[in-house]
*Asks:* 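I have a structure here, written as structure tokens, and I will follow up with some questions on it.
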Amino acid sequence: MAEEVILLDFWPSPFGMRVRIALAEKGIAYDYKEEDLKNKSPLLLAMNPVHKKIPVLIHNGKPVCESLIAVQYIDEVWHDKSPLLPSNPYERAQARFWADYVDKKIYDLGRKIWSTKGEEQEAAKKEFVESLKLLEGELGDKPFFGGQAFGFVDVALVPFYSWFYAYETCGGFSIEAECPKLVAWAKRCLLRESVSKALPDPEKVHGFVLELKKKFGVE
Amino acid sequence: MAGKVVLHGMWASPYSNRVELALKVKGIEYEFVEEDLTNKSETLLRYNPVHKKVPVLVHDGKPIAESLVIIEYIDETWTDGPRLLPQDPYERAKVRFWAGFCQQQLFEAIITVVKTDGEAQERAVKEVHEKLKVLEEGIKGNYPEGSLFVNGDSVGLLDIVVHSILGAHKVHEEVLGVKFLDPEKYPRVTSWVTALTEFPLVKEAAPPHEKMVGFLQFFRARALKSATA
């Protein structure tokens, strides 16, 4: 049976990038559809009526929403190649825990960094760096979060690397100075084609953020 | 599956209750350690340094935190007994999606109703109704056969999550004076929650109504006080 895989996405979305990476790791051919979030397609609204958000993975007509759920789905369906989650239940639980941690912290704190100023921005920067340091500690001396192999937590976190330049420029700080090992890890991930093709140019992301700032009236 | 199982929890915590229910459904023997959340134990802080919260499941000395992560771990580790998640990847994705929705959207809105008053509370009540409407539509679209539980005749992850959020609806009514589970507006959600509260394992495990009322009143009063402080 021919597999039909469609990804509804938006190029700067770190959540979309996660799914792109997972699909590429598994070597899955898919149809990439860029959504205009100011003018959402009927397909997007039909496939994700609850949240009306991207990314949405559509596999043989059936939608899977929420990036980490889609990544797990991809891992379970295409299970014979490049496993993203470990096979040991305890290690799987740790991977899910840390991916959940990334979800709880990084996007919202990052958003505060570019969209606020003064005390609020300083507080966000501080908490953001603390969160990255915690992740850096969890990584330790391992090449990837799961150990020797690139996996779930790496997929969950590495897309935000394409936003680091935007955060740094808006926030006036250096993430590499604070978390050198984490930045080294990100560069290591970028050596993988699945990651380098999924992540946009950080300068392009920065340009996008500048447009958002204008739109929201943040200077 | 051998190995000592300890659950660090709190009797009134819906997150903790979820894990207890999952353990009971699987028939797993465990030791329950009641944590005083106003004075967290050294052990808890050591087992969950990141969030410092309950529940934490400790299996053979190894800790796992975050209720939904714990429940999936339980399902994958104890493979005898009823499944907590379906086998089919698409069905699993659906369960995870709705569990996430109930947790992040519905539960958060209910907590806001508990912690606020006046206009803020009115807005939050409206939001709860919006989320219940989405859940009602979701059940209609995704689980049209109308089987009692998502899992057939046994309680699974999504049932456990829904129960942890809506099972205490009578407590909410008494403390907050709001009725969320309107059987006319949300017939499917209401019949699902009712069936869950009547399920023997669930019924046995549920904390007594009066005790929950007392706790929720205390929790609400404390939240309102710190909001004005």
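Protein chains get the first letters and strands the later ones, always in sequence-line order, with residue 1 at the start of each.
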*Asks:* Can you list every pair that meets salt bridge (charged side-chain N to carboxylate O under 4.0 Å, His left out) and has a residue in residues 49-71 of chain A, with sequence neighbours left out?
*Replies:*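 Counting only pairs at least two positions apart or across chains, no salt bridge (charged side-chain N to carboxylate O under 4.0 Å, His left out) contact touches residues 49-71 of chain A.
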
*Asks:* So with a 6.0 Å cut-off around NZ of Lys40(A), is the heavy-atom count from everything else above 12?
*Replies:*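 Correct, the count exceeds 12.
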
*Asks:* List the atom of Val69(B), the atom of Phe97(A), and the distance in Å for their closest heavy-atom pair.
*Replies:*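 Result for this residue pair: CG2-N, 4.0 Å.
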
*Asks:* With a 4.5 angstrom heavy-atom cut-off, which part of Gln94(A) approaches chain B: side chain, backbone, both or neither?
*Replies:*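 Contact with chain B involves the side chain of Gln94(A) alone.
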
*Asks:* What residue, out of Lys62(B), Glu72(B), His51(B), has the most heavy-atom pairs lying under 4.5 Å from chain A?
*Replies:*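 When all of Lys62(B), Glu72(B), His51(B) are compared, Lys62(B) has the most.
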
*Asks:* Is atom NZ of Lys112(A) surrounded by more than 12 heavy atoms (other residues, nucleotides or ligands) closer than 6.0 Å?
*Replies:*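 Check fails, neighbour count at 12 or below.
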
*Asks:* Give the interface residues of residues 140-151 of chain A toward chain B, defined by a heavy-atom separation under 4.5 Å.
*Replies:*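 Counting heavy atoms that sit under 4.5 Å from chain B, no residue of residues 140-151 of chain A is involved.
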
*Asks:* Hey, is CD on Glu193(A) packed in by over 12 heavy atoms from elsewhere, all under 6.0 Å?
*Replies:*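 It does not: Glu193(A) CD has 12 such atoms or fewer within range.
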
*Asks:* So, using side chain to side chain donor-acceptor pair (under 3.5 Å) as the criterion, who are the partners of Tyr90(B) when residues are at least two apart?
*Replies:*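 Counting only residues at least two positions away or on another chain, Tyr90(B) forms no side chain to side chain donor-acceptor pair (under 3.5 Å).
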
*Asks:* Hey, what do you get for CG (Asp103(A)) to CD (Gln104(B)), rounding to the nearest 0.5 Å?
*Replies:*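 Output value for this atom pair is 8.0 Å.
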
*Asks:* Over 60° means perpendicular and under 30° means parallel, so classify the ring planes of Tyr73(B) and Tyr90(A), tilted if in between.
*Replies:*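 The arrangement is perpendicular - the two ring planes meet at more than 60°.
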
*Asks:* Using non-hydrogen atoms and a 4.5 Å limit, figure out which bit of His59(A) sits close to chain B: side chain, backbone, both or neither.
*Replies:*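 Contact with chain B: none, neither part.
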
*Asks:* Give a yes or no on whether Lys26(B) atom NZ has more than 12 heavy-atom contacts from other residues, nucleotides or ligands under 6.0 Å away.
*Replies:*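 Counting other residues, nucleotides and ligands, NZ of Lys26(B) exceeds 12 neighbours.
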
*Asks:* Does NZ belonging to Lys126(A) count more than 12 external heavy atoms closer than 6.0 Å?
*Replies:*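 12 or below, so no.
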
*Asks:* What option among Lys94(B), Glu137(B), Arg96(B) has the most heavy-atom pairs under 4.5 Å with chain A?
*Replies:*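 Ranked by heavy-atom pairs under 4.5 Å with chain A, first place is Arg96(B).
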
*Asks:* Given a strict heavy-atom distance threshold of 4.5 Å, which part of Gln105(B) is in contact with chain A: side chain, backbone, both, or neither?
*Replies:*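 Only the side chain of Gln105(B) comes within 4.5 Å of chain A.
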
*Asks:* Measuring heavy-atom distances to chain B, does Arg96(A) have an atom under 4.5 Å in its side chain, in its backbone, in both, or in neither?
*Replies:*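 Both parts, backbone and side chain.
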
*Asks:* Which region of Arg92(B), side chain (C-beta onward) or backbone (N, CA, C, O), has a non-hydrogen atom less than 4.5 Å from a non-hydrogen atom of chain A, or is it both or neither?
*Replies:*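 Contact with chain A is through the side chain of Arg92(B) alone.
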
*Asks:* In terms of heavy-atom proximity below 4.5 Å to chain B, should Pro49(A) be classed as side chain, backbone, both, or neither?
*Replies:*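 Neither part.
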
*Asks:* Of the backbone (N, CA, C, O) and the side chain (C-beta and beyond), which part of Pro49(B) lies under 4.5 Å from a heavy atom of chain A, both, or neither?
*Replies:*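 Looking at Pro49(B), nothing touches chain A.
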
*Asks:* Using heavy atoms and a sub-4.5 Å threshold, report which of residues 67-83 of chain A line up against chain B, by residue number.
*Replies:*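 Those residues of residues 67-83 of chain A which have a heavy atom under 4.5 Å from chain B are Ile69(A), Gln72(A), Tyr73(A), Glu76(A), Val77(A).
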
